Amino acid sequence: AEVSFGDDPLLSRFIVFGGSGHERSVEPGEHWDTLPRPMAAQELTPPELKTLQIEIDGEIGTLTLNRPDTFNAMSPDLIADMVEAFAWLADEAPLRGLIITGAGAAFCAGGDLNWFKTGIEDGSVDIKATVRRGAEMLHQAIVDLQRIPYPVIAALNGPTAGAGFSLALACDIRICSENAFLACAYGRIGVSPDGGMTYFLPRVVGPSKAIEILLNDPNLTPADALAEGLVSEVVAPDELLGRAREKADKLAVKSPYYQKMAKKLVHQSLDNSITEQLQLERHGIAEGMGTKDAMNAVAAFLSGNKAEFKGE
């Protein structure tokens with residue numbers, strides 16, 4: 001049976017701690033960001049999910065939205081699976097990179113309108129309360145996606161609309177197939193954006209351009225998306241996953257500490273004063289110099305050798 005956001009048991013699938021959904025306990029004084037990673041990537045067993053597929057190949061993971069018959073629209077089950085998947089990837093998976101893509105012809109068409117339709121037609125459903133709970137779960141997933149400490153690459157294989165566009169914007173890097181298009185789409189049914197659309201879009205293209213895109217709500221072609229800086233490159237459909245993997249492998253040889261801190265510091269800089277940001281940088285570089293990777297890299301550099309980063 002399909003999970004409904006109207007049922008409280010959905011929320012019981014997750015233990016909420018520090019604003020994140022998880023399935024393991026935390027000792028007093030610990031935080032999810034500082035928990036030790038329990039096993040090597042080769043030993044990982046991804047969670048079994050109904051609407052997402054997670055595959056691990058070496059130190060790179062691929063997460064596939066797997067509702068191809070609905071263009072991977074976000075149903076209650078898919079959103080619940082994203083909460084579980086992104087928390088696991090952020091806290092349990094010692095990977096060096098993640099690729100997110102969609103099964104079939106689309107990346108993600110946004111919210112599942114059939115679910116909305118059922119809620120509207122059923123007089124016993126409080127549609128506003130139901131959507132509010134659904135958005136809360138989606139937003140938890142986006143928060144956990146942002147906590148993933150290694151590079152996240154969105155491989156946009158087809159239509160990327162509404163909350164699917166928001167999901168793509170929450171990733172670090174976006175590569176676009178020639179078969180894709182991007183669309184805000186919320187205005188087409190007269191509702192407000194969610195999924196972080198109004199947070200990420202102005203940070204990618206600037207506030208003025210973000211408002212223009214939101215108000216005009218065009219179907220952005222791959223060329224449009226590239227011109228606006230929404231994607232970093234456009235490739236042929238049969239080259240998309242290979243190119244995403246090539247980029248992930250190239251980034252995977254870099255220092256895990258450096259990549260984690262680069263992402264974290266940039267995210268925090270958007271809300272900090274320069275004084276606050278410089279303090280974070282001061283502590284970040286000091287902690288980094290205490291890692292084995294940094295010590296070995298300095299020695300390698302001074303001896304004319306190439307550094308190898310093991311995440312130590």
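Keep in mind that this is a model prediction, so the values were computed, not measured.
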Query - I127 backbone acceptor or donor facing T130 side chain under 3.5 Å - result: no
Report summary line: Output for pair (Q279 CD, R282 CZ), nearest 0.5 Å, gives 4.0 Å
Query raised in the report: Does the D57 side chain pair with the main chain of I60, one donor and one acceptor, at a distance under 3.5 Å?
Result: no
Report task. Evaluate whether atom CD of E308 has more than 12 neighbouring non-hydrogen atoms of other residues, nucleotides or ligands under 6.0 angstrom away. Result -> no
Query raised in the report: Can L169 be reached from I153 by stepping across I, L, V, M, F, W or Y side chains whose heavy atoms are under 4.5 Å apart?
Result: no
**Report entry** Any side-chain heavy-atom pair of D238 and L240 under 4.5 Å
**Finding:** no
Query raised in the report: Step by step, would you call D249 with R96 a salt bridge (Lys or Arg N to Asp or Glu O under 4.0 Å)?
Result: CA-CA 8 Å; D249 286 338; R96 292 290 189 99; over 6 Å; no
**Report entry** Result of checking N66, T64, L78 against L52 for side chain to side chain contact (heavy atoms under 4.5 Å, CB included)
**Finding:** L78
Requested in this report: Provide the closest heavy-atom pair for P149 versus A90 in the form atom of the first, atom of the second, distance.
Outcome: CD-O, 4.0 Å
Query raised in the report: About how many Å separate OH of Y257 and CG of D293, when rounded to the nearest 0.5 Å?
Result: 11.5 Å
Query raised in the report: If you round to the nearest 0.5 Å, how far is SG of C184 from CD1 of I213?
Result: 6.5 Å
Query raised in the report: Does the distance from a Lys or Arg side-chain N to an Asp or Glu carboxylate O, for R174 and E233, drop under 4.0 Å?
Result: no
Query raised in the report: Can you find a heavy atom in the side chain of F107 that is under 4.5 Å from one in the side chain of P159?
Result: no
Query raised in the report: Is there a path from L49 to L138 through hydrophobic residues (I, L, V, M, F, W, Y) whose side chains come within less than 4.5 Å of each other?
Result: yes
Query raised in the report: Looking at D217 and R188, does any basic side-chain N land under 4.0 Å from a carboxylate oxygen?
Result: yes
Query raised in the report: L89 versus L63: any side-chain heavy-atom pair under 4.5 Å?
Result: yes
Query raised in the report: Is a donor on one side and an acceptor on the other found under 3.5 Å between the side chain of Q277 and the backbone of L265?
Result: yes
Report task. Taking the side chain as every heavy atom from C-beta outward, state whether L44 and P94 have any atom pair closer than 4.5 Å. Result -> yes
Report task. Could you tell me whether R133 and E136 make a salt bridge, using a distance below 4.0 angstrom between a side-chain N and a carboxylate O? Result -> no
Query raised in the report: Do any N or O atoms from the side chain of Q146 and from the backbone of A170 form a donor-acceptor pair under 3.5 angstrom?
Result: yes
Report task. Measure across D144 and V83 and return the closest heavy-atom pair with its distance rounded to 0.1 Å. Result -> OD2-O, 4.1 Å
Query raised in the report: CD of E281 to OG of S269: how many Å apart, nearest 0.5 Å?
Result: 8.5 Å
Requested in this report: Would you tell me whether D224 and T221 have side-chain atoms, one donor and one acceptor, within less than 3.5 Å of each other?
Outcome: yes
**Report entry** Side-chain donor or acceptor of Q259 paired with backbone N/O of L251 under 3.5 Å
**Finding:** yes
Query - Any side-chain heavy-atom pair of P222 and L156 under 4.5 Å - result: no
Report task. Report the C-alpha separation of E228 and K209 in whole Å, then their side-chain angles, then the decisive distance to 0.1 Å, and conclude whether the side chain to side chain contact (heavy atoms under 4.5 Å, CB included) test is met. Result -> CA-CA 9 Å; E228 298 293 355; K209 177 57 70 172; 3.6 Å; yes
Query raised in the report: Do the side chain of E84 and the main chain of D81 share a donor and acceptor less than 3.5 angstrom apart?
Result: no
Requested in this report: Report yes or no: do D194 and Y186 form a side-chain donor-acceptor pair below 3.5 Å?
Outcome: yes
Query raised in the report: For the hydrophobic clusters of this structure (ILVMFWY residues joined by side-chain heavy atoms under 4.5 Å, transitively), does one cluster hold both V131 and V191?
Result: yes
Query raised in the report: Does R203 make a cation-pi contact with Y199 (under 6.0 Å, within 45 degrees of the axis)?
Result: yes
**Report entry** Atom CD of E276: over 12 foreign heavy atoms under 6.0 Å
**Finding:** yes
Query raised in the report: Side-chain contact, heavy-atom cut-off 4.5 Å: M74 with D112?
Result: no
Query raised in the report: When rounded to the nearest 0.5 angstrom, what distance separates NZ in K264 from NZ in K260?
Result: 6.5 Å
Query - K263 side chain to Y150 backbone, donor-acceptor under 3.5 Å - result: yes
Query raised in the report: Has L302 got more than 12 heavy atoms of other residues, nucleotides or ligands less than 6.0 Å from its CG?
Result: yes
Query raised in the report: Can you tell me if N216 uses its side chain to pair, donor with acceptor, with the backbone of P218 under 3.5 Å?
Result: no
Query raised in the report: Is the side chain of N72 donor-acceptor paired with the backbone N or O of R67 at a distance under 3.5 Å, no angle test?
Result: yes
Query - Close side-chain approach of L98 to P151, heavy-atom, < 4.5 Å - result: no
Query - Where G61 and I56 come nearest, the two heavy atoms and their spacing - result: CA-CD1, 4.0 Å
Query raised in the report: Quick one: are T70 and S75 in side-chain contact, heavy atoms under 4.5 Å?
Result: no
Query raised in the report: Can T291 and N296 be said to form a side chain to side chain contact (heavy atoms under 4.5 Å, CB included), step by step?
Result: CA-CA 9 Å; T291 65; N296 292 336; over 6 Å; no
Query raised in the report: Just how far is it from atom NZ of K128 to atom CG of D126, taken to the nearest 0.5 Å?
Result: 7.5 Å
Query raised in the report: Run the side chain to side chain contact (heavy atoms under 4.5 Å, CB included) check on S166 and F200 step by step: do they pass?
Result: CA-CA 7 Å; S166 300; F200 297 113; 5.7 Å; no
Query - Exercise: identify the closest heavy-atom pair between F309 and A297 - result: CE2-CB, 3.7 Å
Report task. Report yes or no: do I142 and L214 belong to one cluster of Ile/Leu/Val/Met/Phe/Trp/Tyr joined by side chain heavy-atom distances under 4.5 Å? Result -> yes
Requested in this report: Please check if the side chain of T101 supplies one atom and the backbone of A155 the other of a donor-acceptor pair under 3.5 Å.
Outcome: yes
Query raised in the report: Are side-chain N/O atoms of S177 and N157 paired as donor and acceptor at under 3.5 Å?
Result: no
Query raised in the report: Does the side chain of N305 pick up a donor-acceptor pair with the side chain of S303 at under 3.5 Å?
Result: yes
Query raised in the report: According to a 4.5 Å side-chain heavy-atom criterion applied to Ile, Leu, Val, Met, Phe, Trp and Tyr, with indirect links allowed, do Y258 and V298 form part of one hydrophobic cluster?
Result: no
Report task. Given side chain to side chain contact (heavy atoms under 4.5 Å, CB included), test L167 with T160 step by step and report yes or no. Result -> CA-CA 9 Å; L167 174 63; T160 302; over 6 Å; no
